[in-house]
K.L.:
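Shown below is the structure under consideration.
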2 protein chains.
Amino acid sequence: MNGAESLVKTFLAGGLDVCFANPGTSEMHFVAALDSHPEMRCILSLFEGGVTGAADGYFRMSGKPAATLLHLAPGFGNGYANVHNARKGHSAMINVVGEHADYHLKFDAPLKGDIEGVTRSVSDWVKLSMDALAVAQDGAEAIRAATARNGQIATLVLPANTAWSEAEGPVDPLPPVALHRPRPDQIAAAAAALTEPGAALFIGGAAAFGPLARLAGKIARKTGCRLMADYFLPRIERGEGAVDIECLHYPVLENVEILKDVKHLVLLGAGQPVAFFAYPDRPSTPEPADCRMVDLCGPTMDIAWTLQTLIVATGAEQAEPALLSLDVPELPTGELTLAKVGQALAALLPEGAIIANEAVTAGADVIPPTRTARNHDLLYNPGGAIGAALPLAVGAAVACPDRKVIAPTGDGSAMYTLQSLWTMAREQLDMTVLIFANRGYQILRAELANVGVSHVGRNAERMFNVEGPELDWVALSQGHGVPARRVQDMESFADAFRAAMETPGPKLIEIVC
Amino acid sequence: MNGAESLVKTFLAGGLDVCFANPGTSEMHFVAALDSHPEMRCILSLFEGGVTGAADGYFRMSGKPAATLLHLAPGFGNGYANVHNARKGHSAMINVVGEHADYHLKFDAPLKGDIEGVTRSVSDWVKLSMDALAVAQDGAEAIRAATARNGQIATLVLPANTAWSEAEGPVDPLPPVALHRPRPDQIAAAAAALTEPGAALFIGGAAAFGPLARLAGKIARKTGCRLMADYFLPRIERGEGAVDIECLHYPVLENVEILKDVKHLVLLGAGQPVAFFAYPDRPSTPEPADCRMVDLCGPTMDIAWTLQTLIVATGAEQAEPALLSLDVPELPTGELTLAKVGQALAALLPEGAIIANEAVTAGADVIPPTRTARNHDLLYNPGGAIGAALPLAVGAAVACPDRKVIAPTGDGSAMYTLQSLWTMAREQLDMTVLIFANRGYQILRAELANVGVSHVGRNAERMFNVEGPELDWVALSQGHGVPARRVQDMESFADAFRAAMETPGPKLIEIVC
């Protein structure tokens with residue numbers, strides 16, 4: 001067998017059986033190896049941002065890394081923004097990036113680039129695999145690197161002749177890397193801090209959903225501390241039966257207000273909260289000056305062990321976490337407003353839904369009402385590079401074929417990776433895209449004011465609005481093969497959304513707002 | 001004035017008056033500064049690949065750099081592939097990349113990334129502008145760096161507080177960097193080599209069009225050498241009255257045949273020819289083993305001076321270059337074939353057209369017939385990262401508002417940067433996109449065979465074809481605001497193309513092939 005085959009077999013032996021791909025010539029032997037292993041599910045995206053964002057969404061919902069297949073430095077560049085987002089969310093991802101045959105690199109071929117420079121700038125682990133006999137071992141190490149520290153970006157650069165030269169065979173999976181844990185005195189100090197007045201347990205990572213969130217909820221109930229989390233979480237469980245977690249907001253001044261009484265902030269699976277951007281005369285971090293930051297367990301450490309140990313240290317074994325109860329509004333009618341769309345979403349959201357949210361401005365009104373809807377997971381974009389929602393939703397839908405996936409997104413954000421619509425259609429993924437068509441980068445209008453600029457003239461206006469012409473999202477969606485509807489009042493929104501929830505397959509709803 | 005204003009004023013003083021942009025929050029003060037300087041033309045793209053590719057096309061057709069405005073490391077990442085292409089084509093480009101305020105960088109904010117790593121991996125010059133008092137000087141140096149060596153990628157990283165802090169004022173343009181020139185003995189050696197049997201003058205850069213191409217043609221006529229150039233040229237003049245330049249092909253084995261009798265290859269404005277990719281059992285370079293490579297003047301050296309000096313050294317002052325004569329075919333009718341589309345293009349191409357070609361497979365049939373059409377410029381993609389044609393065409397149309405711009409592209413290639421359609425509509429650019437809808441990555445089918453793989457199974461087939469569903473380019477185009485037609489026979493193609501040439505503004509023709 002050749003190097004490519006030994007790599008694919010190694011991936012499959014390591015449990016890596018989904019590959020999001022946008023290959024080119026230098027990856028042809030890897031493609032041939034995938035071709036002879038139909039147990040590897042290959043999913044084509046027509047743009048690399050769709051590839052890397054889907055791998056991120058797949059990890060968030062399955063807990064397993066996916067492979068990506070990318071073409072040389074420019075192909076990785078196209079996928080860069082969503083690798084960045086995945087890295088910030090501590091997702092595991094294994095990028096296979098084709099490279100020229102090593103002996104061809106001394107020439108200045110058109111596609112030759114600084115592949116090591118661009119990949120290292122956003123990867124936790126990079127290996128240039130220069131030998132077909134060693135590539136299987138490199139692949140096993142890539143899996144280990146990707147799954148270390150709760151999830152990392154591992155990038156394997158695969159020269160064409162490493163792929164096509166003769167190899168020996170696959171290698172077995174390597175033992176995983178052990179996670180770092182806090183020391184006993186840190187556990188004791190955190191347990192003591194949580195019982196103080198003004199204490200908050202600030203959670204992230206796997207503590208924000210599922211059984212670990214319940215452990216965090218027990219600790220909060222027993223110690224009387226607030227249970228809090230950041231705004232841009234990779235995944236949070238919400239709705240009926242979910243643990244009641246108080247989340248920060250986007251604007252830093254609102255977070256200053258939210259945190260004003262916090263004296264002890266215990267970080268567990270999370271870094272310290274920080275303002276999304278710096279602004280003149282606003283703080284970079286929202287906590288009060290006299291707040292003590294207790295860095296118990298960072299997002300790359302052993303979150304499950306820390307929670308279990310803290311349960312014992314706080315005596316919270318028998319405590320009942322505060323859970324959210326079902327509270328859905330009446331279905332609103334009449335004129336379409338963002339708040340009413342949020343209420344309608346809350347009313348109609350099916351049990352087990354996954355919301356991949358990138359409605360940057362509209363979301364402030366649309367997302368809050370869903371907090372007490374039926375139980376669901378909400379995915380934010382912890383890296384902030386827009387163009388994440390559609391690819392994330394693709395990956396989530398591949399990971400969870402039995403759950404409805406909903407992707408609310410601004411029109412500006414969706415444009416960066418609209419090619420993901422085609423992948424939804426090809427794979428017939430059960431997902432619904434909600435485009436909030438506010439005809440511009442609304443967030444920038446607010447941000448211009450935030451940095452102290454009040455007047456908007458022609459040059460700025462033409463960089464904020466997406467008008468002249470307006471985008472026709474129904475046409476864009478249908479052009480990619482996804483059925484679409486435009487809605488302008490609440491009745492037609494409710495009709496369209498209910499129909500989407502009742503029938504499988506991809507749909508898009510353009511919400512004129 | 002603040003740093004951003006001093007930078008914009010410095011740019012304008014240096015002749016930099018076009019800015020392709022996709023800004024975000026960290027660039028708001030720069031946007032405000034652009035806003036108060038309407039003499040800077042700001043052109044929004046809804047994806048950063050459209051920004052950087054347009055700056056490339058603008059330089060190729062105007063000889064002047066444009067600025068780009070990009071948002072942090074992920075925004076630069078989205079523009080990476082077309083920066084790569086521009087760099088390979090030796091285009092000048094000045095990227096302004098917003099960064100967090102410097103004091104905010106010690107925190108792990110969502111959008112914080114390794115901005116220096118990603119920008120350095122594809123820029124010739126990078127400066128982190130850490131001081132509002134110095135940013136104007138940095139801007140002047142960026143212009144000098146971008147215009148050095150015939151065109152480079154200069155990237156200025158602009159922290160938000162550098163933009164918003166108080167500055168003194170703009171600075172005057174810096175004197176340009178002198179170009180390197182060959183030594184007199186190298187000129188003499190090249191002049192002698194060109195008169196030998198089997199000599200070829202292999203030109204590139206500014207020698208492939210306009211007055212410098214005529215100088216190259218004189219030398220060829222006088223010395224009797226072949227006048228040749230690479231396939232993927234950034235710009236070549238063709239058609240009636242253009243100098244007759246023999247171009248290489250894409251497949252390396254065809255180039256081996258073309259070059260088999262060449263004994264002396266004199267490089268002037270060009271690097272040595274190299275295979276696009278390495279393949280098992282095929283050479284990396286096409287020249288015969290006994291060919292002497294005479295590296296007279298690389299693409300970053302003084303091409304004009306070298307040609308003028310070589311004219312004297314070869315005594316070619318009075319020689320008449322061989323020019324192409326007008327030879328247009330009859331307008332073909334009936335069933336649509338790629339060769340017939342090429343003939344129709346040749347018959348209908350207006351004087352002074354600009355063709356930005358990225359029809360990777362279809363182009364092999366479509367482009368050759370236009371060689372003897374009316375005089376025009378043809379832009380290829382010297383970096384090979386697909387997704388260049390639409391952005392390049394945007395930039396060319398901005399640079400040359402009085403010329404018709406035509407962008408033939410495969411459907412696979414066009415998908416990477418289809419958002420450029422919206423910019424065409426917003427700016428009402430006089431351009432026509434030709435989509436060759438072959439429903440797949442045709443080039444990969446050929447490349448799979450090139451690397452020796454003959455069987456195509458399900459996984460490979462699903463990575464090569466763009467079917468199930470087919471893309472509807474008429475809907476995609478109209479969704480972006482560009483009128484579109486689908487054609488399936490020669491009469492309707494000729495109708496649609498003629499109409500596009502006779503009326504201004506953007507159009508798209510989907511050619512089902």
Side-chain angles (χ1 to χ4, degrees), chain A residues 21 23 25 28-29 31-32 34-35 38 42 44 46-47 74 77-78 80-81 84 88 100-101 104 107-111 113-114 117-118 121 160 164 232 271 274 276-278 280 284 382-385 415-416 419 425-426 447-448 451 453 457 459-460 462-463 468-469 472 475-476 478-479 481, chain B residues 21 23 25 28-29 31-32 34-35 42 44 46-47 74 77-78 80-81 84 88 100-101 104 107-111 113-114 117-118 121 160 164 232 271 274 276-278 280 284 382-385 415-416 419 425-426 447-448 451 453 457-460 462-463 468-469 472 475-476 478-479 481:
Chain A
T25 301
M28 283 302 101
H29 282 89
V31 168
L34 294 171
D35 206 28
C42 294
L44 178 65
L46 303 184
F47 173 69
N78 279 337
Y80 188 96
H84 165 91
K88 290 290 182 160
H100 286 302
H104 200 61
F107 303 105
D108 187 26
L111 276 162
D114 180 6
V118 68
S121 72
W164 76 51
F232 287 92
V274 57
F276 206 84
F277 293 108
S284 279
M415 279 302 290
Y416 290 79
Q419 304 93 336
R426 158 159 302 179
E447 293 289 14
L448 195 70
V451 297
V453 177
N459 263 345
R462 284 174 66 85
M463 288 199 270
D472 176 347
L476 293 176
Q478 290 171 345
Chain B
T25 301
M28 283 302 102
H29 281 88
V31 167
L34 294 170
D35 205 29
C42 294
L44 178 65
L46 302 185
F47 173 70
N78 279 337
Y80 189 96
H84 165 92
K88 290 289 181 160
H100 285 301
H104 200 61
F107 302 106
D108 187 27
L111 276 161
D114 180 6
V118 66
S121 70
W164 78 50
F232 286 93
V274 56
F276 206 84
F277 292 108
S284 279
M415 279 302 289
Y416 289 79
Q419 303 94 337
R426 149 129 350 154
E447 294 288 15
L448 194 71
V451 296
V453 178
R458 176 182 157 89
N459 263 344
R462 283 174 66 87
M463 288 200 268
D472 175 348
L476 293 176
Q478 291 171 345

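Sequence lines set the chain letters: A, B, ... in the order given, protein chains first and strands last, and positions in each chain run from 1.
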K.L.:
Which heavy atom in A/Asp35 sits nearest to a heavy atom in B/Asn459, and how many Å separate them?
P.N.:
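Shortest heavy-atom separation between A/Asp35 and B/Asn459 comes out as OD1-N, 3.1 Å.
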K.L.:
Please test A/His84 against B/Leu111 for side chain to side chain contact (heavy atoms under 4.5 Å, CB included), starting from the C-alpha separation and ending with a verdict.
P.N.:
CA-CA 8 Å; A/His84 165 91; B/Leu111 276 161; 4.2 Å; yes
K.L.:
Considering non-hydrogen atoms only, spot the tightest contact between A/Met415 and A/Leu476 and give its length.
P.N.:
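Heavy atoms only, the tightest pair is SD-CD1, 4.1 Å.
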K.L.:
With sequence neighbours excluded, tell me which residues meet salt bridge (Lys or Arg N to Asp or Glu O under 4.0 Å) with A/Arg426.
P.N.:
none
K.L.:
After noting the C-alpha distance and the side-chain angles of A/Leu448 and B/Met28, does the key distance pass the side chain to side chain contact (heavy atoms under 4.5 Å, CB included) rule?
P.N.:
CA-CA 6 Å; A/Leu448 195 70; B/Met28 283 302 102; 3.6 Å; yes
K.L.:
Looking at A/Ala425, A/Gly457, A/Ser121, which one has more heavy-atom pairs under 4.5 Å with chain B than the rest?
P.N.:
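The residue among A/Ala425, A/Gly457, A/Ser121 with the greatest pair count is A/Ser121.
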K.L.:
Quick check on B/Arg458 against chain A: is it the side chain, the backbone, both or neither that has a heavy atom closer than 4.5 Å?
P.N.:
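When you check distances to chain A, only backbone atoms of B/Arg458 fall under 4.5 Å.
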K.L.:
Let me know if B/Pro23 has heavy atoms under 4.5 Å from chain A in its side chain, its backbone, both or neither.
P.N.:
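Contact with chain A: backbone and side chain both.
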K.L.:
Looking at B/Gly271, B/Ala460, B/Ala101, which has the largest count of heavy-atom pairs under 4.5 Å with chain A?
P.N.:
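Going by pairs under 4.5 Å, I would pick B/Ala460.
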K.L.:
Do A/Asp472 and B/Gln478 have side-chain heavy atoms sitting under 4.5 Å apart?
P.N.:
no
K.L.:
What residue in B/Gly384, B/Pro469, B/Ala475 has the most heavy-atom pairs under 4.5 Å with chain A?
P.N.:
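Highest number of pairs under 4.5 Å: B/Pro469.
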K.L.:
Examine whether an atom of A/Ala160 lies under 4.5 Å from a heavy atom of chain B, and if so say whether it belongs to the side chain, the backbone or both; otherwise answer neither.
P.N.:
neither
K.L.:
Please rank A/Ala385, A/Gly479, A/Ala109 by heavy-atom pairs under 4.5 Å with chain B and give me the top one.
P.N.:
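Answer, by heavy-atom pair count under 4.5 Å with chain B: A/Gly479.
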K.L.:
If we define contacts as heavy-atom pairs under 4.5 Å, which of B/Phe276, B/Phe232, B/Phe107, B/Trp164 has the most with chain A?
P.N.:
B/Trp164
K.L.:
Highest number of heavy-atom pairs under 4.5 Å with chain A: which of B/Gly481, B/Ser284, B/Ala32, B/Pro382?
P.N.:
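So the answer, after comparing B/Gly481, B/Ser284, B/Ala32, B/Pro382, is B/Ser284.
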K.L.:
Can you sort out the partners of A/Asp114 under side-chain hydrogen bond (donor to acceptor under 3.5 Å, both in side chains), two or more places apart, ordered by chain and number?
P.N.:
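Expected list: none.
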K.L.:
Picking from B/Thr25, B/Asp108, B/Leu34, B/Asn78, which has the most non-hydrogen pairs under 4.5 angstrom with chain A?
P.N.:
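Answer, by heavy-atom pair count under 4.5 Å with chain A: B/Thr25.
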K.L.:
Output the option from A/Pro74, A/Pro110, A/Gly77, A/Cys42 having the highest count of non-hydrogen pairs under 4.5 Å with chain B.
P.N.:
A/Pro110
K.L.:
Check the angle between the aromatic planes of B/Phe47 and A/Phe47 and answer parallel, tilted or perpendicular using the 30° and 60° thresholds.
P.N.:
perpendicular
K.L.:
Name the member of B/Gly117, B/Ala81, B/Gly113, B/Gly383 that forms the most heavy-atom pairs with chain A at distances under 4.5 Å.
P.N.:
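Between B/Gly117, B/Ala81, B/Gly113, B/Gly383, the count favours B/Gly383.
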